[in-house]
Structures are given as structure tokens and as C-alpha cells.
Amino acid sequence: MADKNFPLSGWSSAAIHAGHEQDPNSSHITPIYATSTFVFDTAEEGMERFASLDKEKVYSRWGNPTFKECEQKIAALEAFGLSDENGQPLELKALLHASGQAAMATLFFSTLKAGDKVLSHHSLYGGTYELLHKVLANSGIEPIIEDLHDLEKAEEWLQKDDSIKLIHIETPANPTIRCVDIEALTQIAKRYGKLVSVDNTFATPYLQQPFAYGVDFVFHSTTKFLNGHGSAIGGVLIGKDIHFMKTTAWKWHALLGGNANPFDAYLLTQGIKTLELRMERHCHNAMEVAQFLDGHPNIEHVNYTGLHQHPDYYISAKQMRHPGPMMSFELKGGLEAGKQFINRLKMCTRAVSLGTVDTLLSHPASMSHAGLSRENRLLFGITDGLIRMSVGIENVQDIIADLDQALRG
Ligand SMILES: *Cc1c(COP(=O)(O)O)cnc(C)c1O
């Protein structure tokens with residue numbers, strides 16, 4: 001059997017090999033363990049597995065070998081190259097979920113109880129915003145939404161309200177790709193003994209590693225770049241307090257029933273293996289596309305942190321390897337121009353979501369946010385002619401040609 005202690009010095013080596021265990025039936029790829037339950041040879045073996053903190057091979061709502069590879073891979077990537085306080089390689093524990101929303105529910109419910117508050121910021125992912133304002137608020141947990149670019153305001157909140165237990169940040173965030181300073185906010189939070197969680201979905205661990213700044217939790221909707229092919233919904237919660245992750249967080253995840261399924265976990269594992277290659281191409285394409293769009297006569301402005309005029313250009317440059325594949329832009333001509341542009345696209349895909357190999361574009365005002373009043377939409381930064389784009393890994397000249405013909409009409 002292979003020596004699993006072989007040091008993995010490169011990012012893709014870790015993405016490909018970390019978390020993999022030799023299958024007992026010599027299958028090269030970890031099989032899809034499509035089973036609800038696991039067999040005990042003896043009562044004693046059953047007892048042992050129930051008693052173990054790892055809860056392996058008991059029941060698939062609790063854990064499953066196909067999930068395990070994926071969880072270990074994601075934990076290894078978020079920890080890649082990082083050390084703990086003692087200078088040892090950082091150890092993290094990931095819990096795979098059925099969706100990003102399920103992982104987010106585990107995060108909030110395992111860290112907060114009635115009477116507690118969570119401090120977060122504007123431009124959160126819609127599902128997170130609703131979870132905070134509908135589900136959590138209904139359970140006596142109050143969300144506070146502040147502009148967390150303002151570090152003094154953030155500190156003021158922590159000073160005056162001791163019931164804030166968690167700061168949840170999402171960076172970069174929709175729709176204008178705003179970023180907040182993970183390091184600065186974590187330093188403030190830690191002065192007041194607060195937990196910090198980061199939604200790292202847009203960046204992926206390849207572009208940004210929040211644990212480098214001492215955060216407690218990282219969250220991903222694995223539906224996006226980690227899977228990369230748009231073939232499954234999924235979410236993951238990663239934590240550095242291993243005991244907490246294996247007890248309280250694991251318990252909430254099992255009790256809320258947000259477990260992943262083996263087929264989706266298998267797809268996710270295969271997707272992650274090519275994450276570095278895909279991200280390099282996504283990022284390279286995005287920079288070229290942003291430069292093409294910037295200054296185009298039919299475009300009001302481009303929101304991309306790789307362009308100097310973006311308000312968070314420096315924050316993004318400080319904490320991300322590259323500005324990434326996500327951008328948005330405002331068309332001259334408002335709602336009608338937005339619809340017409342979207343309808344004229346030929347190669348690029350009209351869809352919500354992000355992080356797939358193909359370029360996805362959406363027009364939030366007529367699609368995801370059409371149900372909101374214009375006034376409410378504008379509060380979320382969803383202006384009439386705003387187009388959101390997740391730049392894919394097609395050959396960039398074809399992406400630009402498609403955008404060009406759709407812009408010209
Ligand atoms: C998609 C997404 C989520 C929610 O994840 P699902 O997999 O759709 O449940 C949360 N945060 C961000 C930033 C997302 O893009």
C-alpha cells in the first residue's frame with residue numbers, strides 16, 4: 001500500500017491525493033458507497049463505532065466513506081501550507097452537507113442559541129440573508145447587518161453588545177463583488193472573544209485561505225467552483241476546533257438531517273481534483289473579459305476587483321491570490337437593455353448559480369430578484385441593467401466574441 005505520509009508540496013498534488021484511502025477492493029477511484037447503513041461483525045464492534053468520535057461506518061446520515069474522502073480533501077486544501085499556534089501543520093475538520101444552506105444551518109445553530117446575535121454585512125448571498133432573517137430570527141437569534149468595511153463600526157458593535165457571538169462574513173460577495181478585510185475583522189473579533197466564520201464560496205481555497213487569519217470556520221457552497229461542473233448541490237462547513245466539529249457541529253448536522261449523499265460526494269471529489277487547473281483558467285479568462293468590458297461604449301461600469309477603480313481592489317489583492325472569476329457590469333439602457341443582452345447570448349449560458357466550466361450570465365432584475373420591488377432590489381445593489389457573470393474556462397476569444405455580439409445587438 002502507498003505511503004500516505006509522503007509530503008505533498010504542491011496544491012494540486014494535495015487536491016488530487018489528500019483524503020484518498022486505498023479501497024479494500026482495489027478500486028482506483030473511491031466507490032460511491034450507496035448504502036444507508038453499515039454492518040457490524042459483532043456487538044462489540046458496533047459499540048466501538050458508536051462510541052468513537054469519528055462515528056464511522058454506522059449510518060450514512062452520520063457519515064460515509066465517500067463523504068470522508070471529500071471532507072478530508074477540502075480540509076487539507078483549506079489548511080494547505082498553514083500552521084497552528086504551535087507551528088504544526090494546521091489540522092481542520094470538514095463536514096459535508098446536502099447543500100450550502102444545510103451547512104450554513106449547521107454553522108449558525110451549532111454556534112448560536114436564543115438570545116445570541118450574529119453580526120454580518122450587506123450583500124450577503126440571498127439564502128444566507130433569508131436564513132438569518134427568517135429562520136434564525138424566528139428562533140430568537142438576532143442578525144445585525146452593518147457595513148463591515150467600516151472597522152470602527154464593527155468594533156463599536158462588539159463593544160456595546162455582548163450578546164453578539166459570531167461575526168459572519170462573505171468575501172467576495174454579490175452582486176458588486178465587494179470584499180471585506182478578513183484579517184482586520186478577525187483581529188477585532190478576537191479582542192472581544194468572538195467567533196468568526198467566512199463564506200469562501202466565490203474564492204475557493206485556491207484563491208483565499210481565511211484560516212491564515214485565525215478565523216474559526218470556513219463555509220462553501222460546493223455546488224459552485226469546488227464541484228465545478230454544475231452536476232450536484234452541496235455544502236461544507238470546516239472548523240479548526242476539531243473537538244467541536246466532531247461533537248456539537250456533527251450533532252447538529254446529523255440532527256438537522258443535512259447530510260450529503262454518496263453520488264454527489266463522488267462528483268464533488270472528482271471536481272476538486274482539477275480545481276487549481278480550472279481556477280487558473282477561470283481567472284485568466286476573467287481578467288481578459290473584464291478588460292474587454294471596461295470602457296465598452298454600451299457599459300456603464302464593470303465591478304471586478306482586478307480593475308483599479310473597484311473600491312475593494314486593495315483588500316482583494318491583500319487576501320486573494322487573484323481577483324477571481326466573478327464579476328458584474330451595468331449596461332447602459334437599464335432593464336430593457338439587460339433583457340435584450342441576455343437574450344442575445346449564444347454560447348454563454350443564461351442561468352443563475354456560478355462556478356461551472358461554462359460561462360454563466362444572469363440578469364438579476366428580470367431573473368433571481370424579479371419578485372422584489374424595484375426599491376428593495378436597489379437596496380441589494382441589484383440595479384436595472386446589472387448583469388452578473390461567472391467566467392468559464394472556454395477559450396477566451398469565444399467568450400469575448402459572444403459578449404461582443406450580444407452587446408452590439
Ligand atoms: C450558492 C451559495 C450559497 C448557498 O449554497 P447552496 O449550495 O445553493 O445551498 C451560499 N453562499 C454563496 C456565496 C453561494 O454562492
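Just so you know, ligand 1 is whichever comes first in the structure, and atom 1 is the first atom listed for that ligand.
Salt-bridge annotation for Lys194 and Asp162: present, with a side-chain N of the basic residue lying under 4.0 Å from a carboxylate O of the acidic one.
Residue Ser221 approaches ligand 1 through these ligand atoms, each under 4.0 Å from one of its heavy atoms: 1 (C), 2 (C), 3 (C), 4 (C), 5 (O), 6 (P), 7 (O). Each of the atoms 13 (C) of ligand 1 lies under 4.0 Å from some heavy atom of Glu170.
The shortest heavy-atom distance from Gly234 to ligand 1 is under 4.0 Å.
In this structure, Arg321 forms a cation-pi arrangement with Tyr206, its terminal cationic atom sitting closer than 6.0 Å to the ring centre and no more than 45° off the ring axis.
Considering Phe50, Phe67, Phe38 as possible partners of Trp62, the one that fulfils the ring pair (Phe, Tyr, Trp, His ring centres under 6.0 Å) test is Phe50. Checked options Leu360, Val302, Thr359, Asn303; the residue passing with Met389 is Thr359 (criterion: side chain to side chain contact (heavy atoms under 4.5 Å, CB included)).
Checked against a 3.5 angstrom limit, the closest N/O atoms of Gln101 and ligand 1 fall inside it.
Looking at Met104 against ligand 1, nothing comes within 4.0 Å, counting heavy atoms.
With atom 6 (P) of ligand 1 as the reference point, the heavy atom nearest to it among Ala105, Ala203, Gly100 is part of Gly100. Within the set Thr171, Asp199, Leu131, Thr223, the minimum heavy-atom distance to atom 12 (C) of ligand 1 is found for Asp199. Distances from atom 8 (O) of ligand 1 to the heavy atoms of Phe202, Tyr125, Phe225, Phe219 show the closest one on Tyr125.
Protein heavy atom closest to atom 1 (C) of ligand 1, with residue, atom name and distance, is Lys224 NZ, 1.5 Å.
Scored by the side-chain contact (heavy atoms from CB on, under 4.5 Å) test, Ser52 finds Asp54 as partners (sequence neighbours excluded).
Listed by first and then second residue, the ring-ring contact (aromatic ring centres under 6.0 Å, His included) pairs involving residues 120-141 are Tyr129-His133, Tyr129-Phe380 (not counting sequence neighbours).
Ring to ring, Trp157 and Tyr192 are not that close: their centroids are 6.0 angstrom or more apart.
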